[in-house]
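Hydrogens, waters and symmetry mates play no part in the numbers below; they use all other heavy atoms, side chains included. Residue numbers count from 1 along this sequence.
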Amino acid sequence: AMEKSYVSMFLLLIVISCALAKDAGKKDSKDTTAKPKLPQTLSRGWGDQLIWTQTYEEALFRSKHSQKPLMIIHHLEDCPHSQALKKVFAEHKDIQKLAEKFILLNLVYETTDKNLAPDGQYVPRVLFIDPSLTVRADITGRYSNRLYAYEPSDISLLYSNMQKALKLLKTEL
C-alpha cells in the first residue's frame with residue numbers, strides 16, 4: 001500500500017508541473033478565451049472574476065506588452081473609505097465588465113514610484129497608466145485636494161474615467 005501512495009503522489013507532481021508548463025507557454029499566444037483563474041486573494045474583493053496582477057512591475061510589463069491601459073487602485077483593508085468604494089466597485093456590473101479591458105492592480109501598500117502619488121499618498125486613489133507607461137495625471141476625480149480619490153457616490157464618474165482611459169488610448173496609438 002505504501003508504494004501505491006508514492007506512485008499517486010508522483011503522478012500528481014507530474015500533472016502539476018505539466019499544468020504549470022502549459023500556462024507558461026500560453027502567455028505568448030493570443031489566447032484570450034480561456035483565462036487562468038487566479039486565486040481570489042489578488043482581487044482582495046475588488047472583482048473576484050477579474051484577473052489581477054500581483055506587483056506594479058508585472059502590471060507595467062503586461063500593460064506594455066498587451067497594449068491595454070493599466071488601472072491601479074491604492075487602498076487599505078482597515079480604511080472605511082476604501083471598503084465603501086470597494087463594495088460599490090465590485091457590485092457595479094458595467095465597471096466589472098469594462099475592467100476586463102484593463103490590466104488591473106490593487107495595492108494595500110505604497111509603491112516607491114512617485115508617479116503613482118502625483119498629489120500625495122492617500123487611499124483610496126485610482127490612477128490610470130497607458131501602455132507607453134505614462135501616468136494619466138489628467139484623468140481625475142471630483143476633489144481638488146485629492147485628485148485621484150473617489151467616494152462611493154462617484155462611482156459613475158469612475159466608470160466614465162475608465163471609458164476615457166480606453167478612448168484616449170484608441171486615438172493616440
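- Rounding to the nearest 0.5 Å gives a distance of 9.0 Å between OG1 of Thr53 and CG of Leu60.
- Annotation: the span from Tyr122 atom OH to His74 atom NE2 amounts to 10.5 Å, rounded to 0.5 Å.
- For the atom pair CG (Leu116) and OG1 (Thr111), the distance works out to 4.0 Å, reported to the nearest 0.5 Å.
- Pro131 places none of its side-chain heavy atoms less than 4.5 Å from the side chain of Lys64.
- One hydrophobic cluster, built from ILVMFWY side chains closer than 4.5 Å, cannot hold both Leu166 and Ile129; they sit in different ones.
- Clustering ILVMFWY residues whenever any of their side-chain heavy atoms sit less than 4.5 angstrom apart, transitively, puts Leu127 in the very cluster that holds Leu133.
- With sequence neighbours excluded, the residues satisfying side chain to side chain contact (heavy atoms under 4.5 Å, CB included) with Tyr159 are His92, Asp94, Ile95, Leu98, Gln163.
- Hydrophobic clustering keeps Val123 apart from Ile139 (ILVMFWY residues linked when any side-chain heavy atoms are closer than 4.5 Å, directly or through intermediates).
- Salt bridge present: Lys86 and Glu77 bring a charged side-chain N and a carboxylate O closer than 4.0 Å.
- For the atom pair OG of Ser153 and CG of Leu158, the computed distance is 11.5 Å after rounding to the nearest 0.5 Å.
- Classification of Asp119 and Arg146 as a salt-bridged pair fails, no side-chain N sitting under 4.0 Å from a carboxylate O.
- Under the side-chain hydrogen bond (donor to acceptor under 3.5 Å, both in side chains) criterion, Glu110 pairs with Arg125, sequence neighbours left out.
- In this structure, the side chains of Trp52 and Ser43 come closer than 4.5 Å at one or more pairs of heavy atoms.
- Taking all atoms of both residues into account, the shortest heavy-atom contact from Met162 to Phe102 is O-CZ, 3.3 Å.
- Gln83 CD to Leu85 CG: the interatomic distance, rounded to the nearest 0.5 Å, is 10.0 Å.
- Dense packing is recorded around CD of Glu58, with more than 12 heavy atoms of other residues, nucleotides or ligands lying under 6.0 Å away.
- Residue Tyr150 holds its OH atom at 5.5 Å from CG of Leu157, rounded to the nearest 0.5 Å.
- Remark: the backbone N or O of Lys87 is not paired with any side-chain donor or acceptor of Trp46 at under 3.5 angstrom.
- Counting all heavy atoms, side chain and backbone alike, Phe89 lies closest to Gln96 at O-NE2, 2.9 Å.
- If you chain together hydrophobic residues whose side chains sit under 4.5 Å apart, Ile73 and Ile155 fall into the same group.
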(message) Run the side-chain hydrogen bond (donor to acceptor under 3.5 Å, both in side chains) test on Ser132 and Asp130 for me, step by step, so that the C-alpha distance in whole Å, both residues' side-chain angles and the decisive distance to 0.1 Å come before the verdict.
(response) CA-CA 5 Å; Ser132 71; Asp130 67 30; 2.5 Å; yes

(message) Is there a side-chain contact (heavy atoms from CB on, under 4.5 Å) between Glu100 and Leu50? Walk through the geometry before answering.
(response) CA-CA 7 Å; Glu100 293 174 7; Leu50 294 167; 3.5 Å; yes

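- In plain terms, the two heavy atoms of Tyr143 and Glu151 that are nearest each other are OH-CG, 3.0 Å.
- Nearest heavy atom pair, residue Pro118 against residue Tyr148, reads CG-CE1, 3.7 Å.
- Between the side chain of Asn106 and the main chain of Leu42, a donor-acceptor pair closer than 3.5 Å is present.
- Remark: side-chain polar atoms of Ser63 are not paired, donor with acceptor, to backbone N or O of Ile103 under 3.5 angstrom.
- Nearest heavy atoms, Pro152 versus Ala84: CG-CB, 3.5 Å.
- One N or O on the side chain of Asn161 and one on the backbone of Thr140 form a donor-acceptor pair closer than 3.5 Å.
- No continuous path of ILVMFWY side-chain contacts below 4.5 Å connects Ile51 to Leu70, so the two sit in separate hydrophobic clusters.
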